[in-house]
Each structure stands twice: as C-alpha cells, then as structure tokens.
Amino acid sequence: PEHAPLQPVTPYGVSKVAQEMLGLQYFHAHGLHVVTGRFFQQVATGGPETLAVQDFAMQIAMIELGVRTEPELVHGNLDTMRDMTDVR
C-alpha cells in the first residue's frame, strides 16, 4: 500500500483520486471487489510542465537554446519504473 498523501496537482489527477475513492466506497458499502488502473505517464501535446516528459522536453530545449549552461537533466526520484501511455 502507498502511504503518501493524495495531493493531485491537475484536474486529471483529481479525477483519478475520485475514481479510487468511489471504488473504495463501493467495496466498503457493498463488498464489491474493484480493480483500478493507475496510468502514470500520459504523453500528449500541451501537457502540464509538472509531468516528467514535458519537464524533460523543456529542460532539453533550454539546454539546446543555451538558456541553461549545465547539460544535465534534473527531475526528482529517477529510481522508479513506469510505463508510458501515448494519448494522442
């Protein structure tokens, strides 16, 4: 089980939390076993800069334009493994 508090930063994230809470409520109220898919990386044009792929792309563009002098990508914990979903 995850112990991190649910703090979504986008309307999409809020909808995922709501989906999980609704499934949990149906389990407690009716004993219904619910399986919820968690898609981690949604890739599409115009995505928010808070997502890893958009953040990486922004950093690469800034390095290529010379805005950033250090040719190094920085982004939180890179030890996790996740699948990618292209939603175009």
Side-chain angles (χ1 to χ4, degrees):
E2 291 188 18
H3 301 289
L6 298 173
Q7 297 175 336
V9 296
T10 65
Y12 178 82
V14 171
S15 74
K16 299 299 105 184
V17 170
Q19 169 187 322
E20 291 186 16
M21 293 298 101
L22 185 60
L24 183 62
Q25 191 278 330
Y26 267 79
F27 172 74
H28 288 303
H30 307 290
L32 182 67
H33 292 277
V34 177
V35 176
T36 302
R38 280 190 175 182
F39 297 98
F40 289 102
Q41 281 296 338
Q42 306 300 320
V43 179
T45 56
E49 293 177 18
T50 56
L51 297 180
V53 172
Q54 284 81 352
D55 182 47
F56 291 149
M58 179 66 74
Q59 290 184 61
I60 291 168
M62 290 171 63
I63 291 167
E64 289 180 348
L65 291 170
V67 176
R68 284 183 55 179
T69 56
E70 289 292 322
E72 179 180 338
L73 297 179
V74 179
H75 188 82
N77 180 0
L78 298 177
D79 293 332
T80 59
M81 296 178 62
R82 294 182 175 168
D83 291 328
M84 305 296 270
T85 304
D86 188 335
V87 296
R88 287 180 285 175

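This chain uses plain numbering: 1 for the first residue, then up along the sequence.
The side chain to side chain contact (heavy atoms under 4.5 Å, CB included) check on Phe56 picks up Ala52, Gln59, Leu73, His75, Leu78, with sequence neighbours excluded. Under the side chain to side chain contact (heavy atoms under 4.5 Å, CB included) criterion, Gln25 pairs with Ala29, sequence neighbours left out. Annotation: side chain to side chain contact (heavy atoms under 4.5 Å, CB included) contacts of Ser15 (sequence neighbours excluded): Tyr12.
Distance check, rounded to the nearest 0.5 Å: CD1 of Ile63 to CE of Met58 gives 12.0 Å. Between the CG atom of Asp55 and the CD1 atom of Ile60 there is a distance of 9.5 Å, given to the nearest 0.5 Å.
In plain terms, the two heavy atoms of Pro8 and Val17 that are nearest each other are CG-CG2, 4.0 Å.
There is no path of hydrophobic side-chain contacts, each under 4.5 Å, that joins Leu32 to Phe27.
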